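Scroll down for the structure; my scribbles are underneath it.
One-based numbering, in listed order, for ligands and for the atoms of each. Note that the structure is a prediction, hence the values are computed from the model and not measured.
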Amino acid sequence: MIVVASANGGVGIPQAMAILRAGGSALDAVEAAVRVVEDNPDDHTVGYGGYPNVLGEVELDASVMEGTTRRAGAVGALRGYRHPVSVARRVMEALPHVLVVGDGAARVAAEMGMVQEELLTEPARATWRAGLEGTLDPSAPIAEWLPRMGRLATDPEHVSGTVNVIAQDRDGHLAVAVSTSGAAWKFPGRLGDSPVIGAGNYADDRYGAAACTGWGELSIRAGTARQVVEGLRRGLAVEAACTAALQELAGLGDIRPADVLMHVVAVDRGGRHCAATTRRGWQYVHQTDAMDAPCTGSRLVVELTGSEPTEMDLAR
Ligand code: GLY
């Protein structure tokens, strides 16, 4: 049994591991771990206390996927409810849909009995104000917003953050959950990769599971989480599958490889794991049932070369 998460997911790993040790499912474990992160007001990239969109409204995205059936559920641009991961699970289990956004997602949350609340905390509001004061007039037409939003959207302190949790349970089943408040100061209604199955997350018990944090527009375009699992299907080791999926981003013709900010976590069907990144200094956490506590480690750094690695490169 194993739980692997982005570094900010470490606070939820004890809950996830307790569920797995008690014989619970991987899906229950990843949902429980992510809910702890969504409750954390000090994490400004997920749930309560997350940074808002450009208008000062917190809009949350999340998804879950289980590897046994490849069932998935996701919500986007959910306002007023702090646990989008559980709403995503309800979409998966109760509706004949995968992705529900906006008012529809809020309706699911309300029907679940979730408490509606203001998610914008004072510290997040203060940072939003400091970042935007005098920068944007909310009533201005989009054409006037775009040049300014380009600068805001590349502010490295605020663009990157999301939680990923992957678990494998006693029966070998995999599940993945992803939750985020998305890019800080985003355009209202913007969805990143987190609620897009195949982009921000993917799980298939036959091969493995993967999830992303980073610049969501890029992983949507490249199908990054699915790329990792596809590498596993082709027989690559988990490190090589992560490397190949990140290298694929260097081929996006309008983005310099040096500008690609992407991180992946992955677990293969044998429980081997990898966390990789295009930038130095990023960490992740993992715990197996043989370990007393979660362990924080450095991610494998993948220097993007702009050329796709050959199968021989990846086998090295
Ligand atoms: N990776 C999270 C986002 O782009 O919204």
Min heavy-atom dist Glu217 to ligand 1 below 4.0 Å: no
Atoms in ligand 1 flagged as close to Gly192, the criterion being non-hydrogen separation under 4.0 Å: 5 (O)
Parallel, tilted or perpendicular: rings of Tyr51 and His44 (30°, 60°): parallel
Test of proximity, Cys212 against ligand 1: N or O pairs below 3.5 Å: no
More than 12 heavy atoms from other groups under 6.0 Å of CZ on Arg71: yes
Distance-only N or O hit between ligand 1 and Trp215, under 3.5 Å: no
Donor-acceptor pair, side chain of Asp193 and main chain of Ile220, under 3.5 angstrom: no
Subset of ligand 1 atoms that lie under 4.0 Å from at least one heavy atom of Gly214: 1 (N), 2 (C), 3 (C), 4 (O)
Subset of ligand 1 atoms that lie under 4.0 Å from at least one heavy atom of Asp193: 1 (N), 2 (C), 3 (C), 4 (O)
Any N/O pair Gly182/ligand 1 closer than 3.5 Å: no
Per-atom contacts, ligand 1 versus Gly216 - under 4.0 Å to a heavy atom: 4 (O)
Under 4.0 Å to a heavy atom of Ser194 - the qualifying atoms of ligand 1, by number: 2 (C)
Part of Met262 with heavy atoms under 4.0 Å of ligand 1, whether side chain, backbone, both or neither: neither
Where ligand 1 meets Thr162 - atom numbers and elements under 4.0 angstrom, heavy-atom basis: 1 (N), 2 (C)
For Val285, the rest of its hydrophobic cluster, which grows through side-chain links under 4.5 angstrom: Met1, Val3, Val11, Ile13, Met17, Leu20, Leu27, Val30, Val34, Val36, Val37, Val46, Val64, Val85, Met92, Val163, Val165
Ionic contact status for Arg107 with Glu111, cut-off 4.0 Å: yes
By salt bridge (Lys or Arg N to Asp or Glu O under 4.0 Å) - contacts of Asp169 (at least two apart): none
Within-cut-off N or O pair, Thr180 and ligand 1, under 3.5 Å: no
Short N-O contact, Asp204 and Arg226, less than 4.0 angstrom: no
Lys/Arg N to Asp/Glu carboxylate O, Glu57 vs Lys186, below 4.0 Å: no
